[in-house]
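Here the structure is laid out as structure tokens; the discussion comes afterwards.
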Amino acid sequence: MPSRYLQMATQGRETARTNRPPVDSYYSTLGDDNLFRNAGPMPEGASEFSRPGARLPTTQQPQVKQKTPQELGDEYFQKAVNFHEQGDLVSATGYFKRAADKHNPLGMLFYGLSLRHGWGCQPNENLAFVFLQKAGEQVVPHVKDMDPAVAGMAREELAMAIYELGQSYRHGWGVSRNKKTAAYYFEVSAELGDADSQADLAACYEKGDGVKRDMKKAAHYYRLAHKQGIEMFGTSWIFKKKYESD
């Protein structure tokens, strides 16, 4: 029962006590412990709660459990995914941001990705990098140990976002160029199965960009990318026996 009704009931009870009629009248009471004693017969159709001072029944309101920031972040992220799949990029980006504000790692990744490519918002390379970097700090160190069905999304989406972080360092989008860091993120994404990351990481090993030059590793990642349909000009050498390592 709403509190204002309880207050009204309490006030009515106090008024009845103050203006208590003679003992032999219908509405007489002798205090809380003797409520209704000597009250006399009730009129037809009346109930116990018709008497002044009667305790009105109350109902206990169920307590609503407050969601944790992590639960809210997961909820906002899933809503963003649903909007994204429906083609509503503006709403999707809005919920990616809400998830990111709750420190949801995937929310940070995909909000950064939205800012990078202008999905439902104005492109902003500098701000995109900020969110991609924050996500990388939380997610990347644990990616290799994650469940294959990470966070309810296909691994390829997560790998793509990490690949974008590598591209940030490779091209200097929102951050100073760093070939070593770019190669690191390409490798993380490549291990998650992203074909573009595999091809770019192979090129890093072939040329020695950010990593020590290693033709066997280059051939290995080129072959992985080739298996996924990535065609690369001038890479027929990767199938030579001397470069086989897997």
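Keep in mind the model is a prediction, meaning the values are calculated, not measured.
With a 4.5 Å cut-off on side-chain heavy atoms, C121 and V90 do not count as touching. The side-chain heavy atoms of E75 and K67, taken from C-beta on, include a pair separated by under 4.5 Å. Proximity of R213 to M215: side-chain heavy atoms (C-beta onward) are separated by under 4.5 Å at one or more points. Within the 4.5 Å cutoff, the side chain of H84 has heavy atoms near those of the W119 side chain. For the pair E71/T68, a side-chain contact is recorded, criterion being any heavy-atom separation below 4.5 Å from C-beta on. Between N104 and Q70 the shortest side-chain heavy-atom distance does not fall below 4.5 Å. Y185 is listed as a side-chain neighbour of L165, based on a closest heavy-atom distance under 4.5 Å. The side-chain heavy atoms of K242 and K216, taken from C-beta on, include no pair separated by under 4.5 Å.
Between the OG atom in S114 and the CG atom in L89 there is a gap of 7.5 Å [rounded to 0.5 Å]. Atoms CD1 and CG, on I230 and D200 in that order, are 9.5 Å from each other to the nearest 0.5 Å. With rounding to the nearest 0.5 Å, the separation of NZ in K240 from CH2 in W237 is 9.5 Å. One distance of note links CD of Q198 with NE2 of H220; it measures 7.5 Å at 0.5 Å rounding. To the nearest 0.5 Å, atoms OH (Y76) and NZ (K97) are separated by 11.5 Å. A distance of 11.0 Å separates CG of L132 from CD of E125, quoted to the nearest 0.5 Å.
Residues passing the side chain to side chain donor-acceptor pair (under 3.5 Å) test with N178 are T181, sequence neighbours excluded.
Between R170 and D209 there is no salt bridge, since no side-chain N of the basic residue sits under 4.0 Å from a carboxylate O of the acidic one. Using a cutoff of 4.0 Å between basic side-chain nitrogens and carboxylate oxygens, E164 and R116 are scored as salt-bridged.
The hydrophobic clustering, which links ILVMFWY residues whose side-chain heavy atoms are closer than 4.5 Å, places I162 and V81 together. L113 and L192 fall within a single hydrophobic cluster, where Ile, Leu, Val, Met, Phe, Trp and Tyr are joined by side-chain heavy atoms under 4.5 Å apart, directly or via other members. When the side chains of ILVMFWY residues are joined at heavy-atom separations under 4.5 Å, either directly or via intervening members, V188 and V175 end up in a single hydrophobic cluster. Hydrophobic cluster membership differs between L106 and L72, with clusters built from Ile, Leu, Val, Met, Phe, Trp and Tyr side chains linked at under 4.5 angstrom.
Ring-plane geometry between H226 and F239 is classed as perpendicular, the angle between the planes exceeding 60 degrees on a 0 to 90 degree scale with a lower cut at 30. By the 30° and 60° cut-offs, the orientation of the rings of Y111 relative to F131 is perpendicular. Ring pair Y169/F129 is perpendicular by interplanar angle, where above 60° counts as perpendicular and below 30° as parallel.
Taking the six-membered ring where the residue is Trp, the centroids of F186 and Y163 are separated by under 6.0 Å.
In plain terms, the two heavy atoms of R223 and I238 that are nearest each other are NH1-O, 2.7 Å. Minimum heavy-atom separation, G107 to A99: CA-CB, 4.0 Å. Minimum interatomic distance between A190 and Y221 (heavy atoms only, all atoms of both residues): CB-CE2, 4.1 Å. Here the closest heavy-atom approach between residue P105 and residue A135 is recorded as O-CB, 3.5 Å. When all heavy atoms of Q228 and G193 are compared, the closest pair comes out as NE2-O, 2.9 Å.
Between the side chains of Y95 and Q78, no donor-acceptor pair is found at a separation under 3.5 Å.
Side-chain atoms of S189 come within 3.5 Å of backbone atoms of A159 as a donor-acceptor pair (strictly under, hydrogens ignored).
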